[in-house]
Amino acid sequence: MSEEKSLNFIEEIVENDLNSGKYKTLVTRFPPEPNGYLHIGHAKAICLNFGLTQKYGGYTNLRFDDTNPVTEKTEYVNSQQEDIKWLGFTWKNELYASNYFDELYAFAVKLIEKGLAYVDESSADEIAALKGTPTEPGKDSPYRNRSMEENLDLFTRMKNGEFGDGAYTLRAKIDMTSPNMLMRDPIIYRIKHAEHHRTGNKWCIYPMYDFAHGQSDSIENITHSICTLEYVSHRELYDWFIEKLEIFPSKQYEFARLNLTSTVMSKRKLLQLVNENLVNGWDDPRMPTISGLRRRGFTPKSVREFCERIGIAKRENLIELSLLEFCIREDLNKSANRVMAVLDPIKLVITNYPEGQSEDLIGENNPEAEDGGGTRIIPFSNELWIEREDFMEVPAKKWFRLAPGAMVRLKFAYIVKCEDFVKDENGQVTEIRCTYFPDSKSGNDTSGINVKGTIHWVSAAHAKTAEIRLYDRLFTSETPDAEEGDFKDYLNPESLTVLPNAYIEPALATADLDSRYQFIRKGYFCLDKDSTAEKLVFNRTVTLKDTFKKPN
RNA sequence: UGUCCGAUAGUAUAAGGGUAGUACAACGGUUUUUGGUACCGUUUGUCUUGGUUCGAAUCCAGGUCGGACAACCA
């Protein structure tokens with residue numbers, strides 16, 4: 001009966017390392033550069049790193065990879081922390097690569113002393129020219145064989161700010177003919193007279209990624225340093241530095257990053273969407289950012305579930321958006337209270353219900369909850385708003401909704417029969433006239449009438465109005481990255497539809513930012529932060545699954 | 001014309017020499033006061049050619065296809 005869940009390849013490595021006694025404690029890290037907002041791809045890495053130590057014990061550090069002062073900001077540090085916390089994870093230590101600048105500097109000196117690094121004064125172009133190409137070996141720099149003393153002196157002066165940006169670099173002395181471009185004497189320190197968001201102006205030289213990441217891992221005794229596939233070729237360098245520096249041997253493992261259909265994930269492109277006002281900021285509900293998903297109404301649980309379901313492997317992948325939608329529906333179906341809202345209203349008048357009279361009906365909040373999720377009061381009267389699309393003047397085959405002579409149940413209320421309808425001079429239906437069956441009241445229906453359709457409604461006299469924002473996929477192409485031309489040419493012009501005057505049931509007036517609702521038959525919605533006391537704004541998180549085949 | 005990584009239904013992901021399984025999607029049905037949910041069912045797969053073996057998705061070799069690598073970015 002062992003329903004053993006299969007392990008992904010990283011879990012296998014971890015289990016082996018733990019079982020063999022190679023490590024006593026598992027230590028991982030999540031290492032974002034604070035130069036942008038976190039997105040769903042980062043969520044995959046977060047769930048992996050934190051999930052591993054939750055499962056196997058040990059702990060996970062949050063380490064900001066802040067070695068490039070010109071792109072990094074405290075604003076991003078803060079948002080990234082907020083997003084990780086929102087996802088439900090707690091880091092052991094909050095750390096910064098910039099904490100290690102002194103140690104990193106000492107590592108560089110050690111390398112120079114071992115004859116394994118040298119100061120180069122070639123320009124960027126000159127370095128590039130000698131670098132070779134993936135298919136041709138590179139050539140040694142004319143400055144490659146300086147004496148150790150000279151290297152030490154120059155590096156000290158680099159640190160002391162004697163030179164301008166780009167005048168000198170410190171390079172590891174490896175092999176200019178290596179088939180791995182990264183081993184061709186990579187630059188490990190560069191001069192940047194720039195203020196750092198944490199170290200201020202203390203430094204004017206900053207280590208490169210390859211001379212900071214592995215060393216930081218090592219300083220923190222990270223056992224499994226997990227990153228994405230584009231770092232595979234960095235692993236050789238990662239190991240080389242650890243070996244030459246004789247420091248704790250962290251090991252790097254790579255998995256395939258997440259790609260999602262109908263969106264883009266690269267920071268550069270997301271930044272472009274924000275900067276060019278093609279979306280309304282990093283937390284625009286159409287963005288794949290964690291803050292965007294949060295504002296859209298996704299729950300942390302649903303995002304974690306998604307990350308669990310997509311799996312971890314080494315092959316390039318493109319996950320269908322429908323899986324993400326499934327995960328949020330699955331969660332909200334169980335947790336979101338059902339309410340009624342009419343998005344595209346048309347008036348329905350009940351001719352045999354006394355004008356001016358109203359009654360309070362009882363609505364079950366959530367049929368998926370054990371106790372029905374409690375109940376609420378829903379006012380009913382002779383004039384209601386219903387959804388325009390729930391009426392067809394000439395009904396299609398298998399039409400369960402309203403049409404001349406047809407009967408439907410009004411959810412939580414009575415069965416009504418369409419007796420007549422009114423059109424304006426343009427032929428637009430403006431009003432539907434019905435009679436109701438007083439003995440068909442929900443809960444004590446003695447009418448014996450059976451109807452196929454149930455529709456939602458709001459009492460016109462009691463309704464509140466709200467703005468409702470409907471979101472659709474951001475791009476019309478499933479693979480905007482792969483299309484010809486600019487990815488922005490494939491933006492979906494209908495990714496946002498604003499309905500300024502929808503009608504909502506009065507109980508919704510007390511909605512707060514943490515509540516999630518199912519608008520019956522219309523989807524899952526949450527209150528947007530743009531809401532004010534006078535104007536409520538709701539975001540559609542996702543539609544309900546719709547298996548109804550639209551008649552044409 | 002290099003080095004490295006990869007290839008299992010439409011999309012992902014298992015099976016680690018012994019029945020190709022699961023999820024999402026799609027399609028059909030039952031239930032239903034949400035055309036929702038739940039439940040049941042159907043369709044669809046091992047890149048290719050050889051080799052090893054009683055037996056290969058799995059091991060080996062060649063090929064094909066896809067991806068990564070020439071930032072003083074991470």
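Heavy-atom basis, side chains included; hydrogens, waters and symmetry copies ignored. Just so it is clear: chains get the letters A, B, ... in the order the sequence lines come, proteins before strands, and each one is counted from 1.
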S.K.: For side chain to side chain contact (heavy atoms under 4.5 Å, CB included), just list the numbers for D331(A) and E305(A), CA-CA rounded to whole Å, side-chain angles, deciding distance to a tenth of an Å, and then say yes or no.
M.R.: CA-CA 9 Å; D331(A) 186 15; E305(A) 177 66 18; over 6 Å; no
S.K.: Could you tell me the separation between the NZ atom of K545(A) and the P atom of U32(B), rounded to a whole number of Å?
M.R.: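 So the NZ-P distance, K545(A) to U32(B), works out to 19 Å.
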S.K.: Distance check, C1' atoms only: U31(B) and A25(B), in whole angstrom units.
M.R.: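 It works out to 23 Å between them.
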S.K.: Whole angstrom is fine here: how far is it from CG in L544(A) over to C1' in A38(B)?
M.R.: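 Atom CG in L544(A) sits about 14 Å away from atom C1' in A38(B).
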S.K.: Output one letter per nucleotide in nucleotides 68-74 of chain B: B when a protein non-hydrogen atom lies under 4.0 Å from the base, S when only the sugar-phosphate is that close, - when neither is.
M.R.: SSB-BSB
S.K.: Across all strands shown, which nucleotide pairs with U42(B) by Watson-Crick or G-U wobble geometry, both distances under 3.5 Å?
M.R.: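 WC or wobble partner is A26(B).
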S.K.: For the ring-ring contact (aromatic ring centres under 6.0 Å, His included) test, which of F525(A), F519(A), Y503(A) pairs with F538(A)?
M.R.: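 Single pass found, and it is F519(A).
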S.K.: Relative to the 5' end of RNA chain B, which residue comes earlier, N8(A) or R309(A), by the nucleotide with the nearest heavy atom?
M.R.: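 Taking each residue's closest nucleotide, the earlier one in sequence belongs to N8(A).
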S.K.: Between A23(B) and C39(B), how many Å separate the two P atoms, rounded to a whole number?
M.R.: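 A23(B) and C39(B) have their P atoms separated by 11 Å.
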S.K.: Is the Y189(A) to F155(A) ring centre distance short of 6.0 Å?
M.R.: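 Between F155(A) and Y189(A), which both carry aromatic rings, the centre distance is below 6.0 Å.
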S.K.: Identify whether any heavy atom of F412(A) sits under 4.0 Å from a base atom; if not, whether one sits that close to sugar-phosphate; answer base, sugar-phosphate or nothing.
M.R.: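 Result for F412(A) = base.
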S.K.: When we call it a touch if two heavy atoms are under 4.0 Å apart, what does P367(A) touch: a base, just sugar-phosphate, or nothing?
M.R.: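 Answer is base: heavy atoms of P367(A) come under 4.0 Å of a base.
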S.K.: Considering every strand shown, what is the Watson-Crick or G-U wobble mate of A14(B) when both distances are under 3.5 Å?
M.R.: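 Across any shown strand, A14(B) pairs with none.
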S.K.: Check whether any side-chain N or O of R257(A) sits under 4.0 Å from OP1 or OP2 of G67(B), and answer yes or no.
M.R.: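 Looking at the OP1 and OP2 atoms of G67(B), neither is under 4.0 Å from any side-chain N or O of R257(A).
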S.K.: Return the residues of residues 319-327 of chain A meeting this criterion: a heavy atom under 4.0 Å from some atom of RNA chain B. Order them by number, or give none.
M.R.: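 Contacts with RNA chain B under 4.0 Å: I319(A), E320(A), S322(A), L323(A), F326(A).
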S.K.: Identify whether any heavy atom of R338(A) sits under 4.0 Å from a base atom; if not, whether one sits that close to sugar-phosphate; answer base, sugar-phosphate or nothing.
M.R.: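 Base, at least one base atom sits under 4.0 Å.
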S.K.: Report the distance from atom CD of E11(A) to atom P of U13(B), rounded to the nearest whole Å.
M.R.: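 These atoms are roughly 14 Å apart.
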S.K.: CZ of R315(A) versus P of A12(B): gap in Å, rounded?
M.R.: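 Taking atom P of A12(B) as the reference, CZ of R315(A) is at 7 Å.
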S.K.: Measuring only the P atom in each nucleotide, how far is G21(B) from U53(B)? A whole number of Å is fine.
M.R.: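 About 28 Å, rounded to a whole number of Å.
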S.K.: Considering residues, nucleotides and ligands other than K139(A), do more than 12 of their heavy atoms fall under 6.0 Å from its NZ?
M.R.: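 Not buried by this count: 12 neighbours or fewer within 6.0 Å.
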S.K.: Could you work out the separation of C27(B) and U43(B) based on their C1' atoms and round it to a whole Å?
M.R.: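 Here C27(B) and U43(B) have their C1' atoms 7 Å from each other.
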S.K.: Under 3.5 Å for both donor-acceptor distances, Watson-Crick or wobble: does A7(B) have a partner, and if so which one?
M.R.: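 U64(B) - that is the nucleotide pairing with A7(B), both distances being under 3.5 Å.
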S.K.: If I pick the P atom on U8(B) and the same atom on C59(B), what distance separates them, to the nearest angstrom?
M.R.: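 Here C59(B) and U8(B) have their P atoms 14 Å from each other.
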S.K.: N180(A): what forms a side chain to side chain donor-acceptor pair (under 3.5 Å) with it, not counting sequence neighbours?
M.R.: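 For N180(A), the residues satisfying side chain to side chain donor-acceptor pair (under 3.5 Å) (neighbours in sequence not counted) are E236(A).
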S.K.: Looking only at atom P, what distance separates U13(B) and C47(B), rounded to whole Å?
M.R.: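 The answer is 14 Å between these two P atoms.
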S.K.: Less than 3.5 Å between a donor and an acceptor, one on the side chain of E254(A) and one on the base of G6(B), is that the case here?
M.R.: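 In this structure, the two groups form no donor-acceptor pair.
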S.K.: So does R521(A) reach the base of U34(B) with its side chain, donor to acceptor, closer than 3.5 Å?
M.R.: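 For R521(A), whose side chain was compared with the base of U34(B), there is no donor-acceptor pair (under 3.5 Å).
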S.K.: Does any nucleotide pair with U58(B) by Watson-Crick or G-U wobble geometry, both distances under 3.5 Å, and what is it?
M.R.: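 WC or wobble partner does not exist here.
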S.K.: In whole Å, I'd like the distance from the CG atom of N337(A) to the C1' atom of G36(B).
M.R.: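 Between C1' of G36(B) and CG of N337(A): 15 Å.
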S.K.: Would D175(A) and T177(A) count as a side-chain hydrogen bond (donor to acceptor under 3.5 Å, both in side chains) if you check the C-alpha gap in whole Å, the side-chain angles of each, and the deciding distance to 0.1 Å?
M.R.: CA-CA 5 Å; D175(A) 178 7; T177(A) 67; 2.7 Å; yes
S.K.: 5'-most contact on RNA chain B: R409(A) or L7(A), nearest heavy atom basis?
M.R.: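 Nearer the 5' end of the strand: L7(A).
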S.K.: Rounded off to whole Å, could you give me the CD1-to-P distance for the I310(A) and A14(B) pair?
M.R.: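 Checked: the CD1 to P distance equals 12 Å.
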S.K.: Mind checking the C1' distance from U58(B) to U46(B)? Whole angstroms is fine.
M.R.: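 Nearest-Å result for U58(B) against U46(B) at atom C1': 10 Å.
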S.K.: Any idea which of U33(B), G36(B), A12(B) is nearest the N317(A) side chain?
M.R.: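 Closest of the options to the side chain of N317(A): A12(B).
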S.K.: Ignoring backbone atoms, test whether R329(A) places a side-chain nitrogen or oxygen under 4.0 Å from the OP1 or OP2 oxygen of G36(B).
M.R.: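 Negative; the distance criterion is not met.
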S.K.: Classify G453(A) by what it touches in the nucleic acid, base, sugar-phosphate, or nothing, heavy-atom distance under 4.0 Å.
M.R.: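 No contact.
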S.K.: Indicate the ring-plane relationship of F380(A) and Y436(A), choosing parallel, tilted or perpendicular according to the 30° and 60° boundaries.
M.R.: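 If you compare the ring of F380(A) with that of Y436(A), the planes turn out tilted.
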S.K.: Could you measure between the two C1' atoms, the one in U37(B) and the one in C73(B), and give it in whole Å?
M.R.: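 Looking at atom C1' only, U37(B) and C73(B) are 48 Å apart.
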S.K.: Can you find a donor-acceptor N/O pair under 3.5 angstrom joining the side chain of S442(A) to the base of U33(B)?
M.R.: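 By the distance-only test, yes, there is a pair.
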S.K.: Between Y118(A) and Y143(A) (judged by ring centroids, cut-off 6.0 Å), do the two rings come close enough to count as a pair?
M.R.: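 Y118(A) vs Y143(A): aromatic centres not under 6.0 Å.
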S.K.: Counting any heavy atom closer than 4.0 Å, what does I312(A) reach on the DNA or RNA strands: base, sugar-phosphate only, or nothing?
M.R.: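 The residue I312(A) makes sugar-phosphate contact but no base contact.
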S.K.: What is the distance from atom OH of Y414(A) to atom CZ of R409(A), rounded to the nearest 0.5 Å?
M.R.: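 Reported value, rounded in 0.5 Å steps: 10.0 Å.
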S.K.: Whom does G2(B) pair with, Watson-Crick or G-U wobble, provided both distances fall under 3.5 Å?
M.R.: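 Across any shown strand, G2(B) pairs with C69(B).
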S.K.: On the side chain of R401(A), is there an atom forming a donor-acceptor pair with the base of G35(B) - under 3.5 Å, no angle test?
M.R.: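 By the distance-only test, yes, there is a pair.
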S.K.: Are H213(A) and Y231(A) close enough that their ring centers fall under 6.0 Å?
M.R.: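 Between Y231(A) and H213(A), which both carry aromatic rings, the centre distance is not below 6.0 Å.
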S.K.: May I ask which nucleotide in the shown strands pairs with G35(B), Watson-Crick or G-U wobble, both distances under 3.5 Å?
M.R.: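 When the pairing criteria are applied, nothing turns out to pair with G35(B), so the answer is none.
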S.K.: Less than 4.0 angstrom between a side-chain N/O of T547(A) and OP1 or OP2 of G36(B), yes or no?
M.R.: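 Affirmative; the distance criterion is met.
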S.K.: Are Y76(A) and H197(A) close enough that their ring centers fall under 6.0 Å?
M.R.: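 Ring centroids of Y76(A) and H197(A) are no less than 6.0 Å from each other.
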